[in-house]
Structure formats: structure tokens, C-alpha cells
Amino acid sequence: SYYGTHCLLVIEALALVTFGLYRPELKDLPGTVVMLFLIAFILYALSMLLRFTGICPRANYFYTVEPEGNAALELFYRWIPCPYLYLLPCAIALVPYMLAVLGIIRLVEKVSH
């Protein structure tokens, strides 16, 4: 289900742009990063609640508690050995990725018009 869910996310994002329902802008970038970390914090709090109550002792939604074998996140955890906070370097990786996506969208728009 991991790959299915992630493939659907990519397809849905492409559909939003393709059908003209949403056109990402550079000004969306800071809000997107903030929203991502807000959602991650909510999932971290939920994971900790589930762990604390014993309902799910290994809860780790969105890898907010520990990296669980993800090589990049393990590196970040060595740099910042603190649950949730170790995800902060992800923002540095997210910005170039988002800029690349914006660039590709702009390129496709130029070619198609």
C-alpha cells in the first residue's frame, strides 16, 4: 500500500495542474514548508499519544519519532538526535525539489502554448 498511496499522490498532484485546477507559484513555497512541518508536528503528537497510552507502542507516523531505516532520515537523526526536530533538514531538501517542480511546470506551459 505504501507505493500505491505515493503513486496516487503523484497522479493527483499532476491532475490538479494538468486540469488547470491549481497552478503552483513561488509564493506558495514558504506556506507549503510551514504546513508540512505543522502536519508533521500533529502526527508526532499523535504518535507520542499512542505510544504513551500503550495503544500503539511503536507509532511513528510520518517518521516523526525515529527514522526506521530511511537512510536520509538516519543521517539527519545523527545530526539532530531528537524526535521530530531531526526532520528540520528536510526543509532544505524540500525547497530545491519544489523549485524544480515549478521549473518543470513552467517549461511544459511554454512548450504547450
Side-chain angles (χ1 to χ4, degrees):
S1 68
Y2 172 85
Y3 293 106
T5 302
H6 285 79
C7 285
L8 283 174
L9 288 171
V10 170
I11 291 168
E12 290 168 357
L14 290 172
L16 286 171
V17 173
T18 303
F19 295 128
L21 299 172
Y22 174 68
R23 185 177 187 271
E25 301 287 339
L26 190 57
K27 66 180 180 176
D28 298 332
L29 197 142
T32 301
V33 173
V34 169
M35 184 63 67
L36 180 65
F37 277 93
L38 179 62
I39 291 169
F41 182 77
I42 292 167
L43 293 174
Y44 169 71
L46 177 62
S47 295
M48 295 310 291
L49 176 68
L50 292 172
R51 285 174 173 230
F52 179 74
T53 60
I55 294 171
C56 185
R58 297 190 63 221
N60 187 23
Y61 293 109
F62 211 54
Y63 297 100
T64 55
V65 180
E66 53 193 273
E68 288 189 10
N70 181 306
L73 295 181
E74 285 180 353
L75 174 65
F76 298 159
Y77 198 81
R78 282 194 298 274
W79 293 348
I80 307 170
C82 183
Y84 177 72
L85 294 179
Y86 83 96
L87 295 172
L88 290 174
C90 291
I92 296 167
L94 182 61
V95 171
Y97 167 76
M98 292 173 71
L99 290 173
V101 169
L102 283 170
I104 291 168
I105 290 170
R106 298 302 177 266
L107 182 64
V108 169
E109 286 175 344
K110 281 184 180 180
V111 171
S112 66
H113 292 305

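Keep in mind that the numbers below use all heavy atoms, side chains included, and drop hydrogens, waters and symmetry copies.
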Shortest non-hydrogen contact from [X] toward [Y]:
X: Pro83; Y: Val65; result: CB-O, 3.5 Å
X: Ala40; Y: Thr64; result: O-CG2, 3.3 Å
X: Glu66; Y: Asn60; result: O-ND2, 2.7 Å
X: Glu68; Y: Arg58; result: OE2-O, 4.2 Å

Hey, quick one: are [X] and [Y] part of the same hydrophobic cluster, counting side-chain heavy atoms closer than 4.5 Å, chains of contacts allowed?
X: Ile104; Y: Leu29; answer: no
X: Val101; Y: Val33; answer: yes
X: Leu73; Y: Tyr97; answer: yes
X: Ile92; Y: Trp79; answer: no
X: Leu85; Y: Ile42; answer: yes

Does the side chain of [Y] come within less than 4.5 Å of [X]'s, by heavy atoms?
X: Val108; Y: Ile105; result: no
X: Leu36; Y: Phe62; result: yes
X: Phe76; Y: Pro67; result: no

Side-chain donor/acceptor of Asn70 to backbone N/O of Glu74, under 3.5 Å
no

Between Tyr22 and Ala13 (side chain of the first, backbone of the second, donor and acceptor by atom type, cut-off under 3.5 Å), is there such a pair?
no

Nearest 0.5 Å please: distance from the [atom1] atom of [X] over to the [atom2] atom of [Y].
X: Leu102; Y: Asp28; atom1: CG; atom2: CG; answer: 8.0 Å
X: Thr53; Y: Met48; atom1: OG1; atom2: CE; answer: 10.5 Å
X: Phe37; Y: Leu87; atom1: CZ; atom2: CG; answer: 6.0 Å
X: Leu9; Y: Thr5; atom1: CG; atom2: OG1; answer: 7.0 Å
X: Leu75; Y: Ile80; atom1: CG; atom2: CD1; answer: 10.0 Å

Using a 6.0 Å cut-off, check whether atom OH of Tyr61 has over 12 heavy atoms from anything other than its own residue.
no

Flag if over 12 foreign heavy atoms under 6.0 Å of CG, Leu26:
no

When the ring centroid of Tyr86 is compared with that of Tyr77, is the distance short of 6.0 Å?
yes

